[in-house]
Asks: 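The structure's right below; bear with me while I get my questions together.
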2 protein chains.
Amino acid sequence: MGLGSNQRTSQRTSQRPGGTPGNGWTGIGELADEFGLTPRTIRFYEDKGLLTPARENNQRVYSHRDRVRLGLICRGKRLGFTLTEIKEFLKLYEADDNRIEQMRFLLHHGRERIAALESQWRDVEETLHDLRDLVAAAEEYVRRVTRP
Amino acid sequence: MGLGSNQRTSQRTSQRPGGTPGNGWTGIGELADEFGLTPRTIRFYEDKGLLTPARENNQRVYSHRDRVRLGLICRGKRLGFTLTEIKEFLKLYEADDNRIEQMRFLLHHGRERIAALESQWRDVEETLHDLRDLVAAAEEYVRRVTRP
DNA sequence: ACCCCAGCTTACCTTGACGTAAAGGGAAGC
DNA sequence: GCTTCCCTTTACGTCAAGGTAAGCTGGGGT
Ligand SMILES: [Zn+2]
Ligand SMILES: [Zn+2]
Ligand SMILES: [Zn+2]
Ligand SMILES: [Zn+2]
């Protein structure tokens with residue numbers, strides 16, 4: 001729905017996807033390059049149930065939809081969500097009519113994450129302060145000792 | 001040198017250290033309480049070579065020196081150093097005449113750490129921004145949908 | 001005598017996100 | 001026909017900082 005049904009009855013005889021882009025699907029290597037990931041990572045996401053690409057001759061074949069999902073995964077990771085959380089989010093993303101649930105989920109875990117980050121922010125601030133003091137003291141010491 | 005030689009010929013017949021404080025040494029439980037750690041953690045630090053307490057009747061006995069070291073460990077951890085780095089630092093701390101080396105080490109890794117924290121700071125800032133935008137949008141969406 | 005508590009050692013488990021190796025298959029290019 | 005490249009699967013290893021469990025010891029109190 002809205003993403004277009006996968007019209008790829010593949011005139012391609014080739015085993016290796018990835019050579020001819022623009023068909024709406026992709027091989028794992030190409031996808032990895034595109035997102036700056038390793039193929040291993042993408043397989044790992046599949047293991048964890050975040051992706052379910054089709055197979056063609058036992059090779060993974062990624063549709064446009066899969067690529068969108070991978071984009072969401074990457075964004076989730078950039079925002080510091082765990083793969084488990086991302087998986088739940090994607091589950092909601094499955095059905096288009098679950099937008100509200102999706103948004104609620106986003107709200108809940110987003111706020112959660114914001115709180116954690118704000119706490120982390122304060123931690124980093126304090127640690128930086130202490131560390132700067134410490135390094136300044138060390139600088140002072142070294143200066144005093146090396147130039148008597 | 002400078003920390004006082006361990007004058008604890010122990011009139012105590014007791015096997016269990018920790019009962020009588022003020023002798024300059026301590027049992028593991030007492031020490032754990034004092035620093036807010038578990039005994040397991042302290043043994044772990046010993047495993048990693050950060051502490052080398054004496055034994056008395058097969059029980060760990062912590063001198064004043066050990067307690068100082070543990071204090072340094074905790075501070076290092078608060079500042080986000082890894083145990084390996086802390087261990088190196090403590091190695092320099094061993095010899096009193098290595099103060100300068102110690103300070104240089106502190107300078108080097110301190111600056112390293114500061115740079116990492118500053119980067120982390122920016123990351124957190126950006127993530128917070130994006131996340132707030134995202135949550136705001138979700139709020140907006142939910143508002144629009146639930147109140148038609 | 002018995003139980004409880006604290007400590008000891010050794011060894012495996014945990015969490016997250018992959019890396020690495022092994023062993024093989026199919027296709028493309030020379 | 002050979003090499004090279006990419007792909008597949010399964011399985012085990014990694015890192016940090018401990019947690020948890022098992023099985024033993026030894027003292028104190030009742
Ligand atoms: Zn959450
Ligand atoms: Zn200050
Ligand atoms: Zn360092
Ligand atoms: Zn913005």
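Below, read A as the first sequence line, B as the second, and so on, with proteins coming before strands; counting in each chain starts at 1.
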Asks: If each of B:G29 and B:D47 is mapped to the nucleotide of DNA chain C with the nearest heavy atom, which maps nearer the 5' terminus, i.e. the 5' end?
Replies: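 The residue whose closest nucleotide sits nearer the 5' end is B:G29.
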Asks: Provide, to the nearest angstrom, the distance between the CD atom belonging to B:E30 and the P atom belonging to C:dC5.
Replies: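 To the nearest whole Å, that distance equals 19 Å.
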Asks: So, is B:T38 near the phosphate of D:dG18, with a side-chain N or O under 4.0 Å from OP1 or OP2?
Replies: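 Checking B:T38 against D:dG18: no side-chain N or O falls below 4.0 Å of OP1 or OP2.
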Asks: Using a strict 4.0 Å threshold on nitrogen-to-oxygen distance, state whether B:E139 and A:R111 make a salt bridge.
Replies: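 Looking at A:R111 together with B:E139, the answer is yes, because their closest N to O distance falls below 4.0 Å.
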Asks: May I ask you to say what A:T84 touches in the nucleic acid, namely base, sugar-phosphate or nothing, with a heavy-atom cut-off under 4.0 Å?
Replies: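 Here A:T84 touches no strand at all.
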Asks: On the nucleotide C:dT20, are OP1 or OP2 found under 4.0 Å from the side-chain N or O atoms that A:R40 carries?
Replies: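 Result: no.
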Asks: At less than 4.0 Å, is any side-chain N or O atom of A:R43 found next to OP1 or OP2 of D:dT8? Yes or no.
Replies: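 A:R43 to D:dT8 OP1/OP2: side-chain N or O found under 4.0 Å.
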Asks: How long is the line joining CD1 of A:I73 and C1' of C:dG16, in whole Å?
Replies: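 These atoms are roughly 15 Å apart.
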Asks: If you draw a 6.0 Å radius around CD in A:E125, do more than 12 non-hydrogen atoms from other residues or ligands fall strictly inside?
Replies: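 Buried by this count: over 12 neighbours within 6.0 Å.
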Asks: Tell me which pairs pass salt bridge (charged side-chain N to carboxylate O under 4.0 Å, His left out) where either residue lies in residues 77-88 of chain B, with sequence neighbours left out.
Replies: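 Salt bridge (charged side-chain N to carboxylate O under 4.0 Å, His left out) check on residues 77-88 of chain B returns no pairs.
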Asks: So, OP1 or OP2 of D:dG19: does either fall under 4.0 Å of a side-chain N or O from B:T41?
Replies: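 B:T41 to D:dG19 OP1/OP2: side-chain N or O found under 4.0 Å.
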Asks: For residues B:L79 and B:R113, report the shortest heavy-atom separation together with the two atoms involved.
Replies: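 Closest heavy-atom pair between B:L79 and B:R113: O-NH1, 2.6 Å.
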Asks: Provide, to the nearest angstrom, the distance between the CH2 atom belonging to B:W25 and the P atom belonging to C:dG7.
Replies: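 One finds 12 Å between P of C:dG7 and CH2 of B:W25, rounded.
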Asks: Roughly, in whole Å, what's the span from CZ in B:R60 to C1' in D:dT25?
Replies: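 Distance check: B:R60 CZ to D:dT25 C1' gives 14 Å.
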Asks: Rounded to whole Å, how long is the line connecting atom CG of B:N58 with atom P of D:dG23?
Replies: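 B:N58 atom CG is separated from D:dG23 atom P by 20 Å.
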Asks: How close do B:E101 and B:L92 get, counting heavy atoms only, and between which atoms?
Replies: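 Nearest pair, atom of B:E101 first, then B:L92: O-CD1, 3.7 Å.
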Asks: Report the distance from atom NZ of A:K48 to atom P of C:dG19, rounded to the nearest whole Å.
Replies: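 Result: 14 Å.
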Asks: Counting side-chain heavy atoms from C-beta on, which of C:dG7, D:dA17, D:dT8 comes nearest to B:T82?
Replies: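 Shortest atom-to-atom distance from the side chain points to D:dA17.
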Asks: Compare side-chain N and O positions of A:K77 against OP1 and OP2 of C:dC18 and report whether any pair is under 4.0 Å apart.
Replies: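 Looking at the OP1 and OP2 atoms of C:dC18, one of them is under 4.0 Å from a side-chain N or O of A:K77.
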Asks: For C:dA17, does OP1 or OP2 lie under 4.0 Å from any side-chain N or O of A:Y45?
Replies: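 Checking C:dA17 against A:Y45, no side-chain N or O comes under 4.0 Å of OP1 or OP2.
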Asks: What is the distance, rounded to the nearest whole Å, between atom CZ of A:F44 and atom P of D:dT14?
Replies: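 Interatomic distance, CZ of A:F44 to P of D:dT14: 17 Å.
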Asks: To the nearest Å, how far apart are A:F81 CZ and C:dG16 P?
Replies: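 Checked: the CZ to P distance equals 15 Å.
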